[in-house]
Number of protein chains: 2
Amino acid sequence: MKRLPSITDIARETGVSAATVSLALRDKGRMSEETRERVKASAAALGYVPNATARSLVGGRTQLISIAMPAIRQVPEVVSSVEYFFRLLGAAAARALELDYGLLVASPSESLDRVAVDGAVVVDPSHDDPTIATFDRIGRPVVTIGRRLDRIGPEAGPELLVDNDYTRATFEVLDHFNEKGARSIALLAAEPIDSFQQDSIDAYLDWCSRHELEPRVVMADSPEPSDAGVAVEGIVTRPGRPEAVYATIDTLAEALLERAAAVGAGVPRDMFIATCSDGHIARSTSPPLTTIDEKPVELAQTAVTILIDAILDPDAGSQSVQVDTELLVRASTGG
Amino acid sequence: MKRLPSITDIARETGVSAATVSLALRDKGRMSEETRERVKASAAALGYVPNATARSLVGGRTQLISIAMPAIRQVPEVVSSVEYFFRLLGAAAARALELDYGLLVASPSESLDRVAVDGAVVVDPSHDDPTIATFDRIGRPVVTIGRRLDRIGPEAGPELLVDNDYTRATFEVLDHFNEKGARSIALLAAEPIDSFQQDSIDAYLDWCSRHELEPRVVMADSPEPSDAGVAVEGIVTRPGRPEAVYATIDTLAEALLERAAAVGAGVPRDMFIATCSDGHIARSTSPPLTTIDEKPVELAQTAVTILIDAILDPDAGSQSVQVDTELLVRASTGG
DNA sequence: GAATTCTGCTAAAACGTTTGACCATTACCG
DNA sequence: CGGTAATGGTCAAACGTTTTAGCAGAATTC
């Protein structure tokens, strides 16, 4: 790799010291306008580009943050809610760039063996995420999108959390079903259960007991349509078919819809369906699905903003922000 | 940000020099097994994490590469082919990690004002990409996924390119239409025309002239369904409706399919449709769409591999790899 | 028993930048 | 005209590593 012009080269060219060059280029320090201009001109002529590494070394900061999401590792296979994750990623990158940070794509479980980033965003953290453990230990901030299930030890830093209020969102769906006249409501979820699904299930059970309805939670082996077959079949078959189903994941709702059509159960005529994570799937089924829009763009923007605040002021305390979801009512629940 | 234990702290602890610590931890240099173990034990006890910045400064490499894709900036809006880009990104990150590199999400048009990465992958490069220009100038390798439209100046480094053979892919689709008995075939594309669409159009025109068929290229204002209305309408209306349409983008095909259904034109009964970029859209329409699978995972893996090769051996020459597409025949062309 | 090789380690330079302390000059004040 | 202030810079340390050259002593060779 060829040697790039450095601050010292400019210094030699213009006959000033390296310190002056450094200051001149960043419009700091005291010097004559003429010197400053000469330095800048020389820098431009030489095609000088500041060396971020050297800058980081003295500054102690890399201006880099990372984002870890489970979905990214499974990408070669089918990932549910691709659109959700992609939006999350895109919005995070954009916000980071605005704040003059770079965004590094990490995978969870990758327990960084070198210090390279100033902080991390972790999406849907698992309970034993080694990245989080390491970051806690070395005192680098981590903001999670979705609740942390661990929170271990006194060494853990302040809690930085961005999340949707899934309890409220679930209530909203169930109330909507109720208003539309559904009396028996089932919930369809899939392994593995993350904090989001756990919250939804809890809220569902709570809601059912308040409304004195018999809860019915059906679990699929995975969000993939092929693995959801049995669970979906069980819901859709005739005796005991619920009047409404809230599926926690869009692929589940899609599978359910297909199966319902196959056995001649009309949606929304015979059954309502709603799901979480608005995206292409929900919009393009027939009928289109009523969904909870989780506002991934806001989630990511908020997370990055909080993270960078925490980097700039390490002594600031915990921060916990809830991003409101929005119920998008579509034809699958009668418009 | 609290000061982390450094190599010097370990040196003091164990009573050896910093150089020895550095060598010990990386299993290099000559020293007694006992010393090596003592150093490692001390490092572990102190919770030492190597400082990547310092390492980069002396090594001249950051172990970081970036990936730029147009789609990432448009993410707050609707992005066509989300799945394609997400897979590209995920596969690139995974491959980079395997090779001990970090992947930075960049946006095109962001003309890096500091040197932070060792090389870049640019997806669907535009003709005036400032990132590419800068990288060329400072001698950092860039591999593009999709042909470069510029290639300016003698200073430009070797060409590093990964691409699908869209000519071949387009021929395959058209031959498939032909075999199925379609006589009039239209092509539907959308502004802005990138290298991929240009290749497809050229191939289409070529194919038509060889088969002595009248070509019919229809352009939409953008890939978004809302902007494609007029173009789609023009194709679908009765007199002169083609027997088959190849839409270069999946959202176009989807819009076309919907409009066809609306005017009572059955697919595949009255018209065949095929599209590019396999993804959820193509799989879930009814009927499902015949597509060209571009193999994004392979594209990204290859790109990252080539890039890192070029970083490790800057004097190696140009590299150009074609990744084979696969025609996935589905119901929209009669199975 | 002198020359050579091996072993185990260290010193110091280098990477490119930032920053705080300092130092000449020249200008200004009363 | 002596003292203070402003101007326009420079010096050197520091950031945490890697790497090359070298050195003292022990072991081996002939």
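Letters A, B, ... mirror the listed sequences (proteins, then strands); counts begin at 1. When reading the values below, keep in mind they use all heavy atoms of this one structure, side chains included, and skip hydrogens, waters and symmetry mates.
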ask   = Base, sugar-phosphate alone, or nothing: which one does B:Thr53 contact when heavy atoms must sit under 4.0 Å apart?
value =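 Contact class for B:Thr53: none.
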
message = Using a 4.0 Å heavy-atom cut-off, does A:Thr35 contact any base of the nucleic acid, only the sugar-phosphate backbone, or nothing at all?
response =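 Sugar-phosphate only.
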
Measure from the side chain of [X], starting at C-beta and using heavy atoms only, and say which of [options] lies closest.
X	options	result
A:Ser32	D:dT17, C:dT18, D:dG9	D:dG9
B:Ser6	D:dT17, C:dT17, C:dC15	D:dT17
B:Ile7	C:dG16, D:dT18, C:dT10	D:dT18
B:Met31	C:dT17, D:dG16, C:dG8	C:dG8
B:Leu57	C:dC9, C:dC15, D:dT17	C:dC15

Under a 4.0 Å N-O cut-off, is there an ion pair linking [X] with [Y]?
X	Y	value
B:Arg36	B:Asp27	yes
A:Arg147	A:Asp194	no
A:Arg148	A:Asp163	no
A:Asp9	A:Arg3	yes

Rounding to a whole Å, what distance do you find between [X]:[atom1] and [N]:[atom2]?
X	N	atom1	atom2	value
A:Asn51	D:dC15	CG	P	18 Å
B:Arg12	D:dG16	CZ	P	11 Å
B:Leu4	D:dG16	CG	C1'	11 Å
A:Arg55	C:dG16	CZ	C1'	10 Å
A:Glu37	D:dG8	CD	C1'	16 Å

Under 3.5 Å, is there a donor-acceptor pair between the [X] and [Y] side chains?
X	Y	value
A:Ser56	A:Arg61	no
A:Thr20	A:Ser17	yes
A:Thr134	A:Thr131	no

query = Starting at the 5' end of DNA chain C and moving along, which residue's nearest nucleotide shows up first, A:Pro50 or B:Glu33?
reply =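 Going by which nucleotide is closer to the 5' end, it is B:Glu33.
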
At a cut-off of 3.5 Å, list every protein nitrogen or oxygen paired with a nitrogen or oxygen from nucleotides 19-27 of chain D, distance to 0.1 Å.
| from | atom 1 | to | atom 2 | distance (Å) |
| --- | --- | --- | --- | --- |
| D:dT19 | OP2 | B:Arg26 | NH1 | 3.3 |

Reference residue B:Met31; test side chain to side chain contact (heavy atoms under 4.5 Å, CB included); the match among B:Val39, B:Val16, B:Leu23 =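 So, applying the side chain to side chain contact (heavy atoms under 4.5 Å, CB included) to B:Met31 and each of B:Val39, B:Val16, B:Leu23, only B:Leu23 qualifies.
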
request  = Taking the side chain as every heavy atom from C-beta outward, state whether A:Val105 and A:Met69 have any atom pair closer than 4.5 Å.
outcome  =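 A:Val105 does not reach A:Met69 side chain to side chain.
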
key: Helical bend (five base pairs per end, nearest 10°) for the helix from C:dG1-D:dC30 to C:dG30-D:dC1   =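 Between the axes fitted at each end of the helix from C:dG1-D:dC30 to C:dG30-D:dC1 lies an angle of 40°.
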
